[in-house]
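Remarks on the structure that follows.
One is the number of the first residue; the rest follow in order along the sequence. Quantities reported herein were computed from a predicted structural model and do not represent experimental measurements.
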Amino acid sequence: MAVIAAVLFGLGVLISTGMASTVDGQSVVDQEKINRQLELVLKALDSGNITAAEGYLEETVQPLPAGLSKTHLDVAINALQRSNDTTSARMHVQEVQGSLQNSTG
């Protein structure tokens with residue numbers, strides 16, 4: 001019974017963080033959640049709220065495994081932090097969105 005409770009607790013944590021595990025234990029990112037976060041980033045950029053855009057980007061990048069999407073979002077964060085470069089940040093966010101769309105459709 002304790003094992004079942006521990007497994008259910010672990011699954012709850014994974015789901016709440018936007019991650020799930022495959023049978024072999026690899027993490028899978030909830031692409032819909034990531035896409036929603038990226039939409040929030042773009043809306044914040046549209047409204048000129050760079051601080052909010054950075055926050056959404058940081059929330060989005062944390063659960064991502066190492067790879068091209070994480071690299072793009074890290075570059076977007078750096079563009080905002082270093083020079084308020086919303087054009088570059090937007091380009092990198094849209095690149096990740098395109099990658100997500102291509103991998104699901």
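- Side chains of Leu38 and Leu73 form a contact here, defined as non-hydrogen atoms less than 4.5 Å apart.
- Using modelled atom types, no side-chain atom of Lys70 and backbone atom of Pro65 make a donor-acceptor pair closer than 3.5 Å.
- A heavy-atom distance below 4.5 Å is found between the side chains of Gln97 and Leu42.
- In the displayed structure, Glu32 atom CD is contacted under 6.0 Å by at most 12 heavy atoms of other residues, nucleotides or ligands.
- Counting heavy atoms from C-beta outward, Leu80 and Thr51 have side chains that stay 4.5 Å or more apart.
- One finds the CG atom of Leu45 at 9.5 Å from the OG1 atom of Thr87 (value rounded to the nearest 0.5 Å).
- Considering CG of Asn49 and CG of Leu40, their distance stands at 11.5 Å, rounded to 0.5 Å.
- Under the 3.5 Å distance criterion, the side-chain polar atoms of Asn102 are matched with a main-chain donor or acceptor of Gly98.
- Here Ile77 contributes atom CD1 and Glu58 contributes atom CD; the two are 5.0 Å apart, rounded to the nearest 0.5 Å.
- Taking CD1 of Ile34 as the start and CG of Leu64 as the end, the distance is 4.5 Å to the nearest 0.5 Å.
- Annotation: ring-ring contact (aromatic ring centres under 6.0 Å, His included) contacts involving residues 49-71, sequence neighbours excluded, are absent.
- The minimum heavy-atom distance linking Val96 with Ser69 is given by the pair CG2-O, 3.7 Å.
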Could you pull out all donor-acceptor pairs under 3.5 Å where a side-chain atom in residues 88-95 meets a protein atom, sequence neighbours excluded?
unit_1: Arg90; atom_1: NH1; unit_2: Asp46; atom_2: OD1; d: 3.4
unit_1: Arg90; atom_1: NH2; unit_2: Asp46; atom_2: OD1; d: 2.6
unit_1: His92; atom_1: ND1; unit_2: His72; atom_2: ND1; d: 2.8

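- Here CG of Asn84 is found 3.5 Å from CD1 of Ile50. Values are rounded to the nearest 0.5 Å.
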